[in-house]
Amino acid sequence: MDSLNALLAEKLRVLADDEVVLAQRLSEWVSYAPILEEDIAIANLAQDELGHAQVYLELKRALDGVDPDREVFFKDPLEFRNAVLVELPRGDWAYTMVRQYLFDLYENLWLQEAQGSAYPPLAEAAARLYKEERFHLKHASTWVERLALGTEESHARTAKALEELWPYARQLFQPLEGEAALVEAGYVPDLEALWPEYEERARGFLQGLGLFLPEKGYVPKSRSEHTEHLWPLVVLMQSVARWDPEAQAW
Amino acid sequence: MVKLRIGHPEDPDYQERLEEFEARIARGEKIEPGDWMPAEYRRQLIRMISQHAHSEVVGMHPEGAWILRAPSFRRKLILLAKVQDEAGHGQYLYHAAETLGVTREEMLEALLSGRAKYSNIFNYPTLTWADVGIIGWLVDGMAIKNQTMLAQSSYGPYSRAMVRICAEETFHHKQGKEAVLLYAKGSRKQRQMVQDALNRWWWPTLMMAGPHDTDSPHTPLLLRWGIKTKTNDQIRQEFLNEHVPELLDAGLEIPDPHLRYDEKTGNWIHGPIPWDEFWKVIGGEGPMNRHRLETRRRVHEEGRWVREALEAYGRRRLAQAAD
């Protein structure tokens, strides 16, 4: 594998890890949502995110031959390269919806650009994923709006979630080491160039709901950085797959 | 709101209308929401449909926990889709019951206060991943037998909901069977796991069809009005005849020493069912009764502020629209 493909494989792993971990957090709501309709919706979101991870890992498999199930269900927690935003505990409904909004907006912008990728398999995949993601963003925005403009309590919970989560959204726009070469080859969008649009759109939407972006907060420095919440998430996720070393198939 | 045409026996025209109603059922016509119906028919339907809806909702929990632990992309996606279907079934069953003049809030209140029942099967724990497969194959297998029968039900909205539900349950049944067959031929630990799950779920599954016909007080009336078209024992027999040979073929042992094949009738005959346990679990003393209901209450309580926010937001939008 040449170095550009190796970088691309690493980028695909990062993209997939975000989706897998987020799907796991979303799944924690299935059968625990505040209304039955949201049990349905959140199960759907989780399936989509997981499906996206699968798409990225199949692209990666074409480059390095690694089986997506091995990649996710047998990889050590320290090898995960997801952003911290997606591994934070699910919190309350406002926390989940604000996180979803912040992530979906990022994904929308990224996928919109990635449709023009010079790596055709990625361009095709991005076009498919983008269609689903538009619904996700709509769903999350609608919820953030209802909660921000609902009761005093729901507004306060939404504001608190945003205060905590916003700095972590910044991490989504940090390129990986060597990502510049992928950008230069036209394989992936330039994250740094996407940030101003992201910030402007989020600020505009949220301010309109009486929500304000915090000035300060901790921004994780690299994709190797994690919180104490990742290990138990991964261990639980892999508990069946790893339970029987002799099992050939699940 | 549906206009209720309540048929109480003390109504002067009750007898005449009842005859007309029963004649319609005999002709295979469906009863629709605005039609005249005996109050008891309505009451039985609300009881059954809401119990059915609650079963879907409570039934999300035992399997839902395993979404987080599903061992591959494929199994995780399937289980997510399955639990999502169950929420969907709950939703349209609540809607079907609403056509009889009861609200979802009233039904939920009855569930959370413990007045309304849900399927007893969900008062058992899911101890291993194999339980998810066994539930899909056996529990959903029994559910399909029951639901296929209810798809013939005389009440239109219930019957139509069941047609759709059965189509989805068939997928649940298939994926459960596929998983169990794979593990039954798998590693030593996988085989043990799946046998253990079968041992634990076998009797509760047979009991799921309901008590013997001789002990089922509602059955005669439900049959007469076409709400049900088969008895509990008939459904149980259909289930056995289909599943016993398949389980044996898979190399699994069925935990019933008295189980035998009857050449004359072509039926598989089960041994004595532990009904004492059944009645205990129905009475609230099953391993998970308290936990399941408390979980539902907690979810309801934790979601209260969200529902309040939705209402407040709705009022605000209405007020804005009026300006």
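Sequence lines set the chain letters: A, B, ... in the order given, protein chains first and strands last, and positions in each chain run from 1.
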Test item: A:V144 and A:L206 side chains (from C-beta on) under 4.5 Å apart, heavy atoms: yes
Under 4.5 Å from a heavy atom of chain A, the part of B:L80 involved: both
Chain B contact via A:E145 - side chain, backbone, both or neither, heavy atoms under 4.5 Å: both
Toward chain A, the part of B:L310 with a non-hydrogen atom under 4.5 Å: side chain
Heavy-atom contact with chain A under 4.5 Å, split by part of B:E302: side chain
Winner by heavy-atom pair count (cut-off under 4.5 Å) against chain B, out of A:A23, A:A53, A:A241: A:A241
Part of A:A33 within contact of chain B (heavy atom distance under 4.5 Å): backbone
Worked check of side chain to side chain contact (heavy atoms under 4.5 Å, CB included) between A:N44 and A:F135: CA-CA 11 Å; A:N44 206 55; A:F135 289 105; over 6 Å; no
Choice from B:S72, B:G88, B:G90 maximising heavy atom contacts with chain A below 4.5 Å: B:S72
Top contributor to chain A interface from B:W66, B:Y183, B:F73 [non-hydrogen pairs under 4.5 Å]: B:F73
Heavy-atom pair with the smallest gap, counting every atom of A:S27 and A:A46: OG-CB, 3.8 Å
Which atoms of B:V58 approach chain A - backbone, side chain, both or neither, heavy atom under 4.5 Å: neither
Heavy-atom side-chain proximity of B:K185 to B:R191 below 4.5 angstrom: no
Engaged part of A:I35 at the chain B interface, taking heavy atoms whose separation is under 4.5 Å: side chain
Top of B:K76, B:E308, B:Q91, B:K189 for chain A proximity - count of heavy-atom pairs under 4.5 angstrom: B:K189
A:D64 and A:R13 ion-paired at < 4.0 Å: no
Between B:A309, B:G64, B:G303, B:A65, the one whose heavy-atom pairs under 4.5 Å with chain A are most numerous: B:A309
Pair A:W93 and A:W143, ring centroids less than 6.0 Å apart: yes
Any B:E246 side-chain heavy atom under 4.5 Å of B:W137 side chain: yes
Proximity breakdown for B:R304 and chain A, heavy-atom pairs closer than 4.5 Å: neither
Part of B:R69 within contact of chain A (heavy atom distance under 4.5 Å): both
Under 4.5 Å from any heavy atom of chain B - which part of A:F73: side chain
Carboxylate-amine/guanidinium proximity below 4.0 Å for A:E124 and A:R128: no
Under 4.5 Å from any heavy atom of chain B - which part of A:L57: side chain
Contact winner vs chain B - A:D39, A:L236, A:V72, A:V30, heavy-atom pairs under 4.5 Å: A:L236
Geometric cation-pi criterion B:R316 and B:Y313, 6.0 Å radius, 45° cone: no
Which atoms of B:T128 approach chain A - backbone, side chain, both or neither, heavy atom under 4.5 Å: neither
Minimum heavy-atom distance B:L93-B:A161, with the two atoms named: CD2-CB, 4.4 Å
Contact winner vs chain B - A:E246, A:E153, A:Q24, A:M237, heavy-atom pairs under 4.5 Å: A:Q24
Pair B:K174 + B:E178, salt bridge at N-O below 4.0 Å: no
Segment of B:R315 engaging chain A (4.5 angstrom heavy-atom cut-off): neither
Engaged part of B:A179 at the chain A interface, taking heavy atoms whose separation is under 4.5 Å: neither
Portion of A:E28 that has a non-hydrogen atom of chain B nearer than 4.5 angstrom: both
Heavy-atom proximity to chain B below 4.5 Å, by part of A:S239: side chain
Over-ring placement of B:K82 relative to B:F171, 6.0 Å and 45° cut-offs: no
Closest non-hydrogen atom pair, B:M60 against B:A87: SD-CB, 3.6 Å
A:R242/A:D76 salt bridge by N-O under 4.0 Å criterion: yes
Result of checking B:H89, B:Q147, B:R47 against B:H52 for side-chain hydrogen bond (donor to acceptor under 3.5 Å, both in side chains): B:Q147
Among B:Q84, B:R298, B:R104, B:E63, residue most engaged with chain A (heavy-atom pairs, under 4.5 Å): B:Q84
Side chain, backbone, both or neither of A:V20 within contact of chain B (heavy atoms, under 4.5 Å): side chain
Contact leader toward chain B among A:L147, A:L149, A:I42, where contacts are heavy-atom pairs under 4.5 Å: A:L149
